[in-house]
There are 2 protein chains.
Amino acid sequence: MPSIRDVARQAQVSTATASRALRGLPSVTAETRARVERAAAELDYVIPFNASSLASGRTNSVGIVVPFVSRWFFGTVIAGAETVLREAGLDLVVYGVPDAPSRARFFGRMPVRRRVDAVLVLCLPLTPWEADALRALRVPVVIVGSTAEGISSVRIDDPAAATAAVRHLTELGHRRIGLIGETDPPPHGFTTPGLRRHGYLRALAEAGIEPDRALEAAGCFTASDGEAAMQRLLAQKNPPSAVFAMSDEMAFGALRALHRARIDVPAGMSVIGFDDHELAAALDLSTIAQPVFAQGEQAARLLLDQLQREAPPADVVLPTELIRRGSTGPAASLN
Amino acid sequence: MPSIRDVARQAQVSTATASRALRGLPSVTAETRARVERAAAELDYVIPFNASSLASGRTNSVGIVVPFVSRWFFGTVIAGAETVLREAGLDLVVYGVPDAPSRARFFGRMPVRRRVDAVLVLCLPLTPWEADALRALRVPVVIVGSTAEGISSVRIDDPAAATAAVRHLTELGHRRIGLIGETDPPPHGFTTPGLRRHGYLRALAEAGIEPDRALEAAGCFTASDGEAAMQRLLAQKNPPSAVFAMSDEMAFGALRALHRARIDVPAGMSVIGFDDHELAAALDLSTIAQPVFAQGEQAARLLLDQLQREAPPADVVLPTELIRRGSTGPAASLN
DNA sequence: GTGAAAGCGCTAACAA
DNA sequence: TTGTTAGCGCTTTCAC
């Protein structure tokens, strides 16, 4: 295995100059750099990560802490972050924390300590203790989909977005509007469900509609939970004429339940989701689109900023948009 | 920042003993180990990754090369692998190669060189040159969803699984069976579409059905492509009575097209997919289930094996299973 | 712009 | 079982 000494010798420079040339530092003449690069190519040399890291004190790696790698939302955020970080020459190291024990292990041991230059946290509302553990790392941290005192974040305005979804339904004339999605307590302490529920209640208030607890059905953001929730709503004496599901995946399940019950959408029931999931267009689901890939990109960019210079914590709120598709329509009384 | 010397001093041992104790090596008395661990805890010391890596020659990291982090299949495989590797104390570093340029860059520069102890490759059929580049790393490599000479792999039997899907349709009495999914050439040189098509043709042959090119519609494994493909099949003078989609996502799109065309499923058209996607049950889609998370776990285990001792390349084939749901039914003539 | 030399902080071989 | 010591292979001052 060739070392930088071999490269230096072959290029007839010192190891210091070889190092500078290979890292693209400006203080090297073009001619010297060319010689070094040619030597490195001939010897098939690459800088070993660990030696470089030990000497420089940087790891050129970013850790990403994420509850569910396999879900569409999280995978898409990861992809966005990875794209930007790769471009900047940083590696992404994945730390999955799918359940409470793995989460406790992560924040207990902090395997990112002395391992990464920065940390990205996806959608985990941090306990004060967890936030402290992250701050104690003394490296840049960015949270996606949540916030914490003194830590940068990238997110959407969940209450406002949910209000837009439900307002779309009230504007169509609906007065009995169901809600699918909150569980008590939510897994991982997710705050999103609570925020979206506030938006739902606000839209009802705007329209002068009295909220009705009986119209709220719990669900864990999966299609099967959405289906079960819809079934419960349908089983009531006075079911809603429209439903706001807090995620597209739950909305898909709700559509399934309606199909099973032979209820036409939107004539018999309007459904609006949240996310603009990959499959939402295919299922003709009205929804609130949020920029998911872009949240990952933006978070990575904030991280890069903070790695370059001491930057104050930022809180970036990305826009959402109502997407009208075929699953929402006028209330029956207006037909 | 405390060093191992501080820990050693506080525990009244040499740095070598401190190192051994902290790494859990057996050649340390329980009492010494306890003293060292207490000292480390008091000083809040953790072994810095880079120094340890430089001295030991190991990085305790595994690289994973993956075309699409955000798609359900890939995300789920990553999650499976990450779970097993984390358990073994190895970090997973993600290398996304969504398009040809990024793929060329990866195999050209080989950023995993001198960076990881092993590599996982997801669903990329390797060119001979790419396979050589991986072998030249001289680290264990495992491929998921493909194969290469001299490299371990974990996969399913695609032709057999596809045959099972189509046989399910012929057994229901269907004779005109459409195929959705192959494109020519497939993106990334994916071999899966070709293999599944072979299975499709074999099932037709078994049933004595003459294949008909007009019944094959291209699609890139997305729902919108599946929808467009189904529309093309429906536009024919003599459309099929059943369709095999090479992925559930395409099947979802096909179902959408049928819904739009007011064709009842399965009375007017049977649809079977492939994967048993998270949403397949919610959409009542018959499909071929493949163990996705388990493929990631199994690949990680092969990697761990090969890291421990020189093991010959293995080729692990995991089972698939026909899942009968509501989207497939008897051919109309048999009703 | 380039070179000499001193670390970065551990692990592993060897000795005891 | 424990200690001593020599690296692991760069990067970074500090001179020139």
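To find a chain, count down the sequence lines: A is the first, B the second, and so on, and within it residues start at 1. Heavy-atom basis, side chains included; hydrogens, waters and symmetry copies ignored.
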| query | Side chain of B:Ala16: nearest nucleotide among C:dA12, D:dC10, D:dT2? | reply | C:dA12
| message | Listing request: all salt bridge (Lys or Arg N to Asp or Glu O under 4.0 Å) pairs with a residue in residues 125-141 of chain B, at least two apart in sequence or in separate chains. | response | B:Arg103-B:Glu130, B:Asp132-B:Arg135
| note | Note: for B:Ser53 and A:Val28 on DNA chain C, the residue whose nearest nucleotide lies more 5' is A:Val28
| note | Among C:dT2, D:dT12, D:dC10, the one nearest any side-chain atom of A:Ser56 is D:dT12
| task | Send over the distance from A:Ile47 CD1 to D:dC8 P, rounded to a whole Å. | result | 18 Å
| With side chains defined as the heavy atoms from C-beta onward, is the minimum distance between B:Val97 and B:Phe107 less than 4.5 Å? | no
| task | Return yes if a side-chain donor-acceptor contact under 3.5 Å exists between B:Asp91 and B:Ser61, otherwise no. | result | no
| request: To the nearest Å, give me how far apart OH (B:Tyr45) and C1' (C:dG9) are. | output: 7 Å
| said: Measure CG/A:Leu25 against C1'/C:dT2 and give the value in whole Å, please. | reply: 13 Å
| task | Check A:Val119, A:Val112, A:Ile64, A:Val66 against A:Tyr95 for a side-chain contact (heavy atoms from CB on, under 4.5 Å) and give me the one that passes. | result | A:Val112
| remark: B:Ser52 has its side chain closest, among C:dT11, D:dT11, D:dT4, to C:dT11
| Rounded to the Å, how far apart are A:Arg23 CZ and D:dG9 P? | 17 Å
| task | Can you run down the salt bridge (Lys or Arg N to Asp or Glu O under 4.0 Å) pairs that involve residues 61-85 of chain A, sequence neighbours left out, and say none if there aren't any? | result | A:Glu82-A:Arg86
| task | Report the distance from atom CG of B:Leu22 to atom C1' of C:dT11, rounded to the nearest whole Å. | result | 12 Å
| Out of D:dG9, C:dT2, C:dC10, which nucleotide sits closest to the side chain of B:Ala51? | C:dC10
| field | Nearest-nucleotide pick for A:Ser27, side chain only, options being C:dG3, D:dT2, C:dT2 | value | C:dT2
| said: By the 4.0 Å heavy-atom rule, please label B:Leu54 as base, sugar-phosphate, or nothing. | reply: base
| request: Go through C:dT11, D:dC10, C:dC10 for me and flag the one nearest to the B:Arg114 side chain. | output: D:dC10
| said: Between the base of D:dG3 and the side chain of B:Arg20, is one N or O donor paired with an acceptor at under 3.5 angstrom? | reply: yes
| said: Of the listed nucleotides (C:dT11, C:dA4, D:dC10), which one gets closest to any side-chain atom of A:Ile4? | reply: D:dC10
| request: Could you check whether the rings of A:Phe68 and A:Phe74 sit parallel, tilted or perpendicular, using 30° and 60° as the cut-offs? | output: perpendicular
| note | Side-chain atoms of B:Ala55 come closest, of C:dA5, D:dC8, D:dT4, to D:dC8
| said: At less than 4.0 Å, is any side-chain N or O atom of A:Ser19 found next to OP1 or OP2 of D:dT12? Yes or no. | reply: no
| field | Nucleotide D:dG9, atom P - distance to CZ of A:Arg58 in whole Å | value | 20 Å
| In whole angstroms, how far is the P atom of D:dG9 from the CE atom of A:Met1? | 9 Å
| message | Return whichever of B:Gly57 or A:Arg33 has its heavy-atom-nearest nucleotide of DNA chain C closer to the 5' end. | response | A:Arg33
| task | Report the distance from atom CG of A:Asn50 to atom C1' of C:dC10, rounded to the nearest whole Å. | result | 11 Å
